[in-house]
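Here the structure comes first, spelled out in structure tokens, and everything after it is commentary.
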Amino acid sequence: MTTEQLVKMETRGTWEGNLKTSIYAREFAPFIIDEPKHLGSTDEGPNPLEYLLGGLTGCTSVMIGLIAKEQNFSYEGIEFKNSGTIDARGMRGVEGVSTHFQTVSFEAIFSTDESEDRLEELKKEVERRCPIYNLIVDAGVAIESKWYKK
């Protein structure tokens, strides 16, 4: 039987006025979370849902790096594209409308000489182990994941 290996992660935040917040993680300089001007804010940074999509890219990229080493999968580069759709009525308080993404589309475009079968093996293992990918899936969000070679 394996013993749990829990790792605690923390962030801190400071409200900067309006809809803008500075977020601190570890000892890094703060990053800004904000909303666009059309929502009455200053548009000085991505909004929380855009950060989640960026987090999906970053988390997937980290897992690709780790798992590619395990599988001896070689690549020269990867480009990522992703998007998500929400029903804005949920954030406006409409009863019964979810406030999180309804769908997420994720693409990973590889520069590699590996076969399509090997790319599919990598994809399956990364999707099985990627924390943010699984957070989205476990929330019941329909996620379309496409991995292909340039």
**Q.** Ring centroid separation Y51 to F31 under 6.0 Å
**A.** yes
Q. Taking atom CD1 of I33 and atom OG of S41, what is their separation to the nearest 0.5 Å?
A. 11.5 Å
Q. Once you round to the nearest 0.5 Å, how far does CH2 of W15 lie from OG1 of T21?
A. 9.0 Å
Q. What's the spacing between I136 CD1 and I143 CD1 if we round to 0.5 Å?
A. 5.0 Å
Q: First locate atom CE of M63, then atom CG of L122, and finally report the distance between them rounded to the nearest 0.5 Å.
A: 10.0 Å
Q. Do the non-hydrogen side-chain atoms of L52 and F101 ever get within less than 4.5 Å of each other?
A. yes
Q.
Test of understanding: clusters of I, L, V, M, F, W, Y form through side-chain heavy atoms closer than 4.5 Å, transitively. Do V104 and V62 belong to the same one?
A. yes
(Q) So that I can tick it off, tell me whether E114 and R118 are bridged by a salt bridge, with the cut-off set at under 4.0 angstrom between side-chain N and carboxylate O. (A) yes
**Q.** Stepwise side-chain contact (heavy atoms from CB on, under 4.5 Å) test for I64 and F73
**A.** CA-CA 9 Å; I64 288 169; F73 182 99; over 6 Å; no
**Q.** I78 reachable from Y148 in the ILVMFWY side-chain graph, under 4.5 Å edges
**A.** no
**Q.** side-chain contact (heavy atoms from CB on, under 4.5 Å) evaluation trace for L53 with F80
**A.** CA-CA 11 Å; L53 290 173; F80 299 94; over 6 Å; no
Q) Closest approach of G65 and Y75, non-hydrogen atoms and distance? A) CA-OH, 3.6 Å
Q.
Could you see if L49 belongs to whatever hydrophobic cluster contains V141? Use Ile, Leu, Val, Met, Phe, Trp, Tyr and a side-chain cutoff under 4.5 Å.
A. yes
Q) Between the main-chain N or O of R128 and the side-chain N or O of N134, is there a donor-acceptor pair closer than 3.5 Å? A) yes
(Q) Applying side-chain contact (heavy atoms from CB on, under 4.5 Å) to L119 and K149, what does each step give before you reach the verdict? (A) CA-CA 9 Å; L119 182 60; K149 299 184 338 179; 4.0 Å; yes
Q) Mind checking whether T57 and N82 have side chains closer than 4.5 Å, heavy atoms only? A) yes
Q: Without swapping roles, check the side chain of E50 against the backbone of N47 for a donor-acceptor pair under 3.5 Å.
A: yes
Q. Are Y24 and I32 linked, directly or through other ILVMFWY residues, by side chains that come within less than 4.5 angstrom of each other?
A. no
Q: Assign the ring pair W147 / F106 to parallel, tilted or perpendicular, where the plane angle (0 to 90°) is split at 30° and 60°.
A: tilted
Q. Is there a path from I23 to L56 through hydrophobic residues (I, L, V, M, F, W, Y) whose side chains come within less than 4.5 Å of each other?
A. no
Q.
Could you check whether K123 pairs with E116 (Lys NZ or Arg NE/NH1/NH2 to Asp/Glu carboxylate O, under 4.0 Å)?
A. no
Q) Who else is in the cluster with V97 when I, L, V, M, F, W and Y are joined by side-chain contacts under 4.5 Å? A) V94
Q) Is the shortest side-chain N to carboxylate O distance from E107 to K146 below 4.0 Å? A) no
Q) Where is the tightest heavy-atom contact between E125 and R129, given as atom of each residue plus distance? A) OE2-CD, 2.9 Å
Q) Within a reach of under 6.0 Å around CD of Q71, are more than 12 heavy atoms found that belong to other residues, nucleotides or ligands? A) yes
Q) By salt bridge (charged side-chain N to carboxylate O under 4.0 Å, His left out), which residues pair with E120, not counting sequence neighbours? A) none
(Q) Side chains of E127 and S145: any donor to acceptor distance under 3.5 Å? (A) yes
(Q) Please check this pair: side chain of D34 against backbone of P46, looking for a donor-acceptor N/O pair closer than 3.5 Å. (A) no
Q) Closest approach of I132 and C59, non-hydrogen atoms and distance? A) N-SG, 3.7 Å
Q) Mind checking whether E35 and D43 have side chains closer than 4.5 Å, heavy atoms only? A) no
Q.
Other residues, nucleotides and ligands only: do more than 12 of their heavy atoms fall within 6.0 Å of CZ on R92?
A. no
Q) To the nearest 0.5 Å, how far apart are OG in S22 and CD in E44? A) 9.0 Å
Q: Working to the nearest 0.5 Å, report the span between CD of E16 and OG1 of T14.
A: 6.0 Å
Q: Would you please say whether a donor-acceptor pair under 3.5 Å links the side chains of D87 and S98?
A: no
(Q) Using side-chain heavy atoms (C-beta onward) and a distance below 4.5 Å, is R12 in contact with P30? (A) no
Q. Okay, side chain of T112, backbone of S74: is any donor-acceptor separation there less than 3.5 Å?
A. yes
(Q) Does this structure show an ion pair linking E79 with K150, if we count only N-O contacts that are shorter than 4.0 Å? (A) yes
